[in-house]
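These notes concern the structure reproduced below.
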Amino acid sequence: MSHVFHGTKSDHFRPLRDLKSRQFYKTVSALFHYKGNSVENYVGVSSYSSSLFLLEFLSTERDTHISVYLTTDLAYGTLFPELPGDPRIDVTTLNHNSVSLVWKPSPTGFKTKEYIEYCILVNEKHNYKSLCAADAAVRSVSGRRTMSSNLPVSQHIDDHQGVMHLSNRELSIIHKTNNIEVRQICIGNKNTYTVSNLTSNTQYYFDVFVVNLLTNGSAAYTGTFAKTLTEPKPKYSQLKDGKIVQINLNGKTQKSNTFQYQAMHKKVQFTFQSCKGQVRAQILKNGKTLFSESIQSLRHITLTGKILDKYVVITSTEQNTHSSVMVQASSQIHKPLFPFFPDSLKLRSFNKLRTCNSITIAWLGTQERSLYCVYKKKVQEDQVWKDMSNHDRCLGPDSRPKSEKVSCKYFHNINLQKAVTTETITGLEKGSLYLIDVYLVGSPGIMVRYHTKVVKTRKHC
C-alpha cells in the first residue's frame, strides 16, 4: 500500500521523523493512493514553488521489495515505455526443448528505438506483473543484481549459481539454486525470440518487459505460459537375434544408422564386418558407451549383462564417402554364423617361388574345418588402386566371374602354429599384375575375405 502526501513548509525545515506531524505545514493533502502488486504511476503539478512530498509504503502481507522512480525532469516525455493496444505474448512454435515467442512492439520504440530494450523472464512457477517483481524473484534465487540493474556487457559470472551468455546485443543469464531455474534474457529491440535448451514435458511461464534505457522505467506485457512437448523417443530399427543385416551409408543424406537389440541371454556377441569404406561402430547400454572402434575388416565383441538388456548399435561413416558394413547380434555364442577367423587376414607371397607364369601365396587358417576359395584378377598398373578401393569386401565368391576362380579347398589344423596353407597359381602371363583374393566361407552367404594381395609375375625367366 502506498500514499503520497503534499504539504508546504511553515517556516523552516524539520527532521524526517517529524514530517508526519501536520502542525508544521500550512496545508497537507493526500494526492494518490494505491493498493496492489503491479505497476502504478502518478504525475502531478504543484502550485507552490517550494513543496515537500512524502511517500509512505506499507507491506500488507510479507516482506517485499519496491522500486520507485521520481523525477522533476520530463524532457524525455513518458518515463515508462508504452504498451501496444494488444500487449499479449503469442507462442508461435512449440517443441520439446524450445518455445518461440512474438509480441507487438512498443509504440515508444517507434519514436526512440535505440533507447528501448526488451527483456524476457522464463521460470517454472508463475508470471510476474512487473519487472520489479521479477527482479525480486531472481534475487531470491541467486542473490544477484538483476536485469533491471543494467548489467554491463563485460560482466562475467563464474560461480555455480549463474551462467551468462552474450551474443551481439543479447544478454542471457541463467540462475540455478535448489533445482529452481530462472532465466533472464535481454535481446535489444527485437520483438521475437526463441527460448531454447528447455526441459521436455515441462510448463514454463514467459514474461516480456519493455525497458526505457534512459530512465530505467519498464512496462510488462501480459505474460503467457506453455508446456514443452514430450521428447520423441528415438526410432530404432530392431536387430533380431542371429540375423545378419547389411547397412549402406552414402556419406551424404545418410551418415549413420541405429539399431536396438534386446538380449535373450546374459552373454551377447556382436559381429561387425566392414564391406566398403571406413566405418565406426558403437555399442551403448543405458546411454553409456560400451564399445567404440573403427572397423577395418571383421570384429567380434562379447558383452555380459542381464537377460532382456537393451543395447543400441550405431554405425557411421568416417570419411563422408559411401560405406557398407554387416552387423549381427546373437545370444547363441556357441552357434556363430560368422566363421572363426585367424589372428591375421594378410596374404603372403614368396618371391623365390615367383616365376613368369606362376606365383605362390600362403595364409593362416583356424582350428575349425572351413572352405577356402582362391581368386585372381589381372589388372593394369594404373587400375590397381581403383579396383582395390571400389570392391565390396562383403561380396562372396558368387559375385566373381568363373574365369577368375583358381580353386577351393577345405583346411584346418588343431595346432594353430601349423595352421598355414599355401596355393600355387599357374597359367599367368609374364610381367603382369594380379589381384589375389582368398575367401573363408562359413554359413550360406556368410564369409570372410582376406586382404587383397597385389603380385606381379616375372618378366624374364
Within a radius of less than 6.0 Å around [atom1] of [X], do more than 12 heavy atoms belonging to other residues, nucleotides or ligands occur?
X	atom1	result
Gln203	CD	yes
Gln238	CD	yes
Lys285	NZ	yes
Lys409	NZ	yes

At what distance, to the nearest 0.5 angstrom, does [atom1] of [X] lie from [atom2] of [Y]?
X	Y	atom1	atom2	result
Tyr261	Lys240	OH	NZ	13.0 Å
Ile295	Gln273	CD1	CD	10.5 Å
Leu345	Leu364	CG	CG	9.0 Å
Arg348	Ile361	CZ	CD1	12.5 Å
Gln282	Phe272	CD	CZ	9.5 Å
Glu231	His96	CD	NE2	4.0 Å

For side-chain contact (heavy atoms from CB on, under 4.5 Å), just list the numbers for Leu121 and Gln184, CA-CA rounded to whole Å, side-chain angles, deciding distance to a tenth of an Å, and then say yes or no.
-> CA-CA 5 Å; Leu121 186 80; Gln184 302 167 243; 4.0 Å; yes

So, do [X] and [Y] sit near enough that their side-chain heavy atoms are less than 4.5 Å apart?
X	Y	result
Ile436	Tyr450	no
Asn248	Gln246	yes
Val211	Ser218	yes
His300	Thr271	yes
Lys430	Cys461	no
Tyr221	Ser106	yes
Lys227	Val99	no
Asn197	Arg183	yes

[X] side-chain N/O to [Y] backbone N/O, donor-acceptor pair under 3.5 Å:
X	Y	answer
Thr228	Thr199	yes
Thr457	Thr355	no
Asn415	Gln417	yes
Asp86	Arg88	yes
Asn212	Phe80	no
Gln328	Gly242	yes
Asn257	Leu249	no

Step through it carefully: locate the ring centre of Tyr193, locate the ring centre of Tyr118, and say whether they are under 6.0 Å apart.
-> no

In sequence, state the C-alpha distance, the side-chain angles, and the governing distance for Tyr434 and Ile425, and then conclude on side-chain contact (heavy atoms from CB on, under 4.5 Å).
-> CA-CA 11 Å; Tyr434 289 88; Ile425 305 170; over 6 Å; no

I'd like to check the ring pair (Phe, Tyr, Trp, His ring centres under 6.0 Å) partners of [X]; sequence neighbours left out, ordered by chain and number.
X	value
His126	Tyr128
Phe259	none
Phe350	none

Return yes if a side-chain donor-acceptor contact under 3.5 Å exists between Thr424 and Thr360, otherwise no.
-> yes

For the residue pair Ser292 and Arg280, confirm or rule out a side-chain donor-acceptor distance under 3.5 Å.
-> yes

So which heavy atom on [X] is nearest to which on [Y], and how close?
X	Y	answer
Lys267	Thr302	CD-CG2, 4.5 Å
Pro81	Ile116	CB-CD1, 4.0 Å
Tyr205	Phe225	CD2-CB, 3.5 Å
Pro397	Tyr375	CB-OH, 3.4 Å
Gln332	Asp241	NE2-OD2, 4.1 Å
Asp309	Lys306	OD2-N, 2.7 Å

Kindly state each residue pair satisfying side-chain hydrogen bond (donor to acceptor under 3.5 Å, both in side chains) with at least one member in residues 394-404, sequence neighbours excluded.
-> Arg400-Glu404, Arg400-Asp437, Arg400-Tyr439

Those residues that, when tested against Lys377, pass side chain to side chain donor-acceptor pair (under 3.5 Å) (two or more places apart) = Asp387

Using side chain to side chain contact (heavy atoms under 4.5 Å, CB included) as the criterion, list what pairs up with Asn95, not counting sequence neighbours.
-> Thr93, Asn97, Ser98

After noting the C-alpha distance and the side-chain angles of Asn286 and Lys288, does the key distance pass the side-chain contact (heavy atoms from CB on, under 4.5 Å) rule?
-> CA-CA 6 Å; Asn286 299 327; Lys288 183 179 179 182; 5.6 Å; no

For Leu428 and Lys376, what are the C-alpha separation, side-chain angles and deciding distance, and is it a side-chain contact (heavy atoms from CB on, under 4.5 Å)?
-> CA-CA 10 Å; Leu428 307 179; Lys376 70 179 190 316; 3.5 Å; yes

